[in-house]
Peer 1: 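Dropping the structure in here first, questions after.
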Amino acid sequence: MAIFKRSEAVKAKKVGAHARYVDEDVQRVDLKVTSTDGETAVIDLSLDQTRQLVVDLTNAYGACRPALLDQKQVDRITAFFGMR
């Protein structure tokens, strides 16, 4: 069954990302997710989508581990990756 044609959540076995230079004005980030079933999806993200994903993931992680991250750290992480 396709990774995107499921009604329930799919567990990820491996997640990775790499930057892709398209041209001087366009850079993208490819997010690669491999499920525990061995299916792989590559999601093409703009830099704005990538920045928002970093913020959302950091906030979600912080909700699970509140003592480990605060907003100042989130801002520092996104700034480090040039995602302001």
Side-chain angles (χ1 to χ4, degrees):
M1 181 181 271
I3 202 168
F4 288 110
K5 299 210 182 247
R6 298 182 189 206
S7 58
E8 72 283 348
V10 176
K11 289 192 181 213
K13 178 179 180 182
K14 186 176 179 183
V15 179
H18 75 274
R20 183 166 40 91
Y21 178 87
V22 177
D23 63 37
E24 186 176 318
D25 296 323
V26 179
Q27 294 83 38
R28 307 291 290 184
V29 172
D30 290 334
L31 177 66
K32 185 177 180 180
V33 180
T34 303
S35 73
T36 55
D37 298 337
E39 294 179 276
T40 299
V42 177
I43 303 167
D44 179 343
L45 300 171
S46 70
L47 294 183
D48 287 339
Q49 290 171 318
T50 302
R51 182 197 59 76
Q52 187 60 51
L53 180 60
V54 168
V55 170
D56 292 346
L57 286 172
T58 304
N59 288 337
Y61 185 81
C64 295
R65 305 267 188 184
L68 297 180
L69 290 174
D70 61 19
Q71 189 60 44
K72 184 177 179 182
Q73 290 170 313
V74 171
D75 293 341
R76 189 173 44 228
I77 291 166
T78 56
F80 176 79
F81 289 109
M83 299 175 180
R84 288 236 166 203

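Throughout, residue positions are numbered sequentially from 1 according to the sequence presented.
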Peer 1: State which residue, out of Ile43, Thr50, Asp44, fulfils the side chain to side chain contact (heavy atoms under 4.5 Å, CB included) condition with Val29.
Peer 2: Thr50
Peer 1: For Lys32 and Asp30, run side chain to side chain contact (heavy atoms under 4.5 Å, CB included): C-alpha distance rounded to whole Å, both residues' side-chain angles, the deciding distance at 0.1 Å, then the answer.
Peer 2: CA-CA 6 Å; Lys32 185 177 180 180; Asp30 290 334; over 6 Å; no
Peer 1: Side-chain contact, heavy-atom cut-off 4.5 Å: Leu45 with Leu53?
Peer 2: yes
Peer 1: Asp48 vs Gln52, test: side-chain hydrogen bond (donor to acceptor under 3.5 Å, both in side chains). Steps then yes/no.
Peer 2: CA-CA 6 Å; Asp48 287 339; Gln52 187 60 51; over 6 Å; no
Peer 1: Looking at Lys13 and Ser35, what are the two nearest heavy atoms and their distance?
Peer 2: CB-O, 3.7 Å
Peer 1: Are any side-chain N or O atoms of Glu39 and backbone N or O atoms of Thr36, one a donor and one an acceptor, separated by less than 3.5 Å?
Peer 2: no
Peer 1: Do the side chains of Leu47 and Gln49 get nearer than 4.5 Å, heavy atoms only?
Peer 2: no
Peer 1: When hydrophobic residues are tied together by side-chain contacts of less than 4.5 Å, even through go-betweens, does Leu57 share a cluster with Val10?
Peer 2: yes
